[in-house]
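See structure below.
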Protein chains: 2
Amino acid sequence: MSPRRRATQVDIARAAGVSQATVSLVISGGHGSEQVAEHTRTAVLDAATRLGYSVNTAARSLKGGRNHILGLYTFESVFPTDQRDFYYPFLLGVERATAEVGYDLLLFSSVTPGPRRIYSDGINRLKVADGCVLLGRQVDHADLAELVRDDFPFVFVGRRELPGVELSYVAPDYGTATRDLVLRLTGLGHRRLAYLRPDDDQEPTRDREAGFRAGVADAGLPDQPVHVLPVGSSPPVDQVLDLLSGPLTMLLTTWRADGVTALLVDPGENDRTIAALEQVAVRAGVRIPADLSVVLLGEPSPPLSARGADAELVSTRDWTRFTLPREGLGRAAVHLLLDLLDDGPARQLTVPCLPVEGDTVCPPPVGAGA
Amino acid sequence: MSPRRRATQVDIARAAGVSQATVSLVISGGHGSEQVAEHTRTAVLDAATRLGYSVNTAARSLKGGRNHILGLYTFESVFPTDQRDFYYPFLLGVERATAEVGYDLLLFSSVTPGPRRIYSDGINRLKVADGCVLLGRQVDHADLAELVRDDFPFVFVGRRELPGVELSYVAPDYGTATRDLVLRLTGLGHRRLAYLRPDDDQEPTRDREAGFRAGVADAGLPDQPVHVLPVGSSPPVDQVLDLLSGPLTMLLTTWRADGVTALLVDPGENDRTIAALEQVAVRAGVRIPADLSVVLLGEPSPPLSARGADAELVSTRDWTRFTLPREGLGRAAVHLLLDLLDDGPARQLTVPCLPVEGDTVCPPPVGAGA
DNA sequence: CTGAAAGCGCTTACAG
DNA sequence: CTGAAAGCGCTTACAG
């Protein structure tokens, strides 16, 4: 119980009869270590063991050295649990990859009131870590700009753009995944496709639409109609059906008149469009997929939060779709971050999405199409 | 893209026309801050904002200040996933509590070959954190002793003892939970109980047995038989049934002859005893609970890892039992750790276990008992 | 109320 | 191959 000070390199130096600088060379390993005589090395290491030495990482990182800590910052609170469930695969990927490369992981989860900001109180907590993986939708752009200005290494999960700066990120390859689904449909014989997307201007929305156009072109078809749902990405849950059923019913009529046999739906974020579409189709007597093949460009709303008034707007169909490789994205982010730490250039990686077979696609009805 | 150095307190001092020490007083808040003239304060804060200042936490913690980081160290690897599933509730509790108290959480998950040790290379990584929550069974006692010697604040999840030292831990209250189950059984009319425990000398095993004896005494019954299963806590899975069925069959016969109507089983760690007992009982024509009420003092083996040869040794019955408040233990550990950081004394907390109703208990058969 | 100064424990050129 | 020295950015007595 002696309140003995922790041993420092000075203590070791004294015990081993060398200078503190030499101790540092031995302890920190790396290049310097090789230039120390073997017997000196041994003496230092012995003394270190004897004294129960352990580096002070604060001092080390103060000198600009590495901490061997990666950070994970989430712009949205990771709690409560249903959010947590969404983020969990990302975390898992980040955790595993971090452990595999021999780093520890610092979860920046300390709660601050209001929207989460990196630089609260002008304090950038992230810098305890050597670099950081960033996650979340409601990104504070001022924070991001500040991080760039500070030259702090970070990698975003999901495509993010900042004018005039090249950010590093890993993002799902929505474009290719969407194009592949188009080709699957045309391969089944569909010749009239329609495309439905939310009314926002986010990167994922644009990427998917570009994939749709690419697929249509690859299939040798003329341009196909794209419809923007005249509703924001995330209307209040209890109003979604009211807001959507009118437009969707109208669209369904239009498509039928146009001979459309297949539909691709970009679900947007946290969206209930696909559930609403399912209900509207039932009412309109449109069978999926017999009359209309439907493909979902992402995940349906999670059934987890299905309760109360919301429960009716959860789809239980097994949509033909693709899913995000969330764990893979987390892993890829870590590896990209490591490159950055080794002074690699800023890079943008895409990771393939995973196709899900589902049962909402079949050949077009006989006699349909051009 | 100017490689501008991050602003330091010196820069602020220059900009605000004060000394760096004054900047420190203002920035670090606390007592000092109040003794600085209001206009000086303002000037410093303005300059700090203008320069985009953020404290260097490494420097701060080098001076012995707090990092506002708590660590979580697991002696066993948290991966692969089935282990992860076991530990997940602990992690969740630790994470939530840590976030709630305004700290960040450092997961010490960096992989080292061999059994996990804190002091690999004589380096104690834990000290980046202000304090640490420790988790896991295969504890390295040398590590623990070293931590104590270093006066590093830590809290164990689960009862741990180190000769001559008072460790801090939070542990499930096995004793009370077991006693309560005894009283439940005697309340139903049982008068002859038997107790079955694994052949180890661990704290949880002793705590439960003590709870059994206490319950028996509280119920006003004479001492009841305790049987030690002549098999280690975790025999190889493919041999468990062979090893257990003989002894269990014999015990079953003994109990029947003795008029035992209720059995309490300490499942030990990662144990398959309860599943083996279920099978043996079926073969011996003993119905649970009609002939014999059975209470499980903990969790049955997780059905998650049920595959191959192992599958037959997973019980699917809804045993009357108690479960560990894993999230609660994690939370309690964090709060205890915080007390320690505020120079609180080492403490040992127990957290109640949660009773699970189950359906393996009923009144004794008519005509049975003394 | 503010400043000068020491020092936390390390790493890293730079001499020798 | 080893040592002396500077300095990373802070906090904290201690003077004034």
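Chain naming here is simple, since letters A, B, ... match the order of the sequence lines and numbering starts at 1 in each. For the numbers below, each heavy atom of this structure counts, side chains included, while hydrogens, waters and symmetry mates do not.
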Verdict with supporting geometry, Glu327(A) and Arg96(A), salt bridge (Lys or Arg N to Asp or Glu O under 4.0 Å): CA-CA 9 Å; Glu327(A) 181 170 343; Arg96(A) 289 188 166 169; 3.2 Å; yes
May I have the distance from [X] (atom [atom1]) to [N] (atom [atom2]), rounded to whole angstrom?
{"X": "Gln9(A)", "N": "dG9(C)", "atom1": "CD", "atom2": "P", "result": "11 Å"}
{"X": "Glu38(A)", "N": "dC1(D)", "atom1": "CD", "atom2": "P", "result": "11 Å"}
{"X": "Leu25(B)", "N": "dC1(C)", "atom1": "CG", "atom2": "C1'", "result": "10 Å"}

Side chain to side chain contact (heavy atoms under 4.5 Å, CB included) partners for [X], two or more places apart:
{"X": "Gln20(B)", "answer": "Gln9(B), Val10(B), Ala13(B), Ser24(B)"}
{"X": "Ser168(A)", "answer": "Val155(A), Leu336(A), Leu340(A), Ala346(A)"}
{"X": "Glu203(A)", "answer": "Arg159(A), Glu161(A), Arg206(A), Asp207(A)"}
{"X": "Ala21(B)", "answer": "Ser19(B)"}

When you measure from the side chain of [X], which nucleotide among [options] comes out closest?
{"X": "Ala59(A)", "options": "dT11(C), dG9(C), dT11(D)", "answer": "dG9(C)"}
{"X": "His39(B)", "options": "dT2(D), dT2(C), dC10(C)", "answer": "dT2(C)"}
{"X": "Ser19(A)", "options": "dT12(D), dC10(C), dA4(D)", "answer": "dA4(D)"}

Any [X] side-chain N or O less than 4.0 Å from OP1/OP2 of [N]:
{"X": "Thr22(A)", "N": "dG3(D)", "answer": "yes"}
{"X": "Thr8(B)", "N": "dC8(D)", "answer": "no"}
{"X": "Ser24(B)", "N": "dT11(D)", "answer": "yes"}

For DNA chain D, what is the dot-bracket line, given that a base pair needs Watson-Crick (N1 to N3, plus N6-O4 or O6-N4) or G-U wobble (N1-O2 and O6-N3) geometry with both distances under 3.5 Å, and | means paired with another strand? |||.||||||||.|||
About how many Å separate OH of Tyr73(B) and CG of Leu107(B), when rounded to the nearest 0.5 Å? 13.0 Å
Contact list (N/O, under 3.5 angstrom) for nucleotides 5-7 of chain D vs protein:
from, atom 1, to, atom 2, distance (Å)
dG7(D), N2, Lys63(A), NZ, 3.3

For Val18(B), report the nucleic acid contact type (base, sugar-phosphate, nothing); a contact means any heavy atom under 4.0 Å. sugar-phosphate
Using only atom types and a distance under 3.5 Å, with no angle test, would you say the side chain of Asp342(B) pairs donor to acceptor with the backbone of Asp339(B)? no
Who passes side-chain hydrogen bond (donor to acceptor under 3.5 Å, both in side chains) against Thr42(A), sequence neighbours left out? none
Are Arg347(B) and Glu166(B) within salt-bridge range, i.e. N to O under 4.0 Å? no
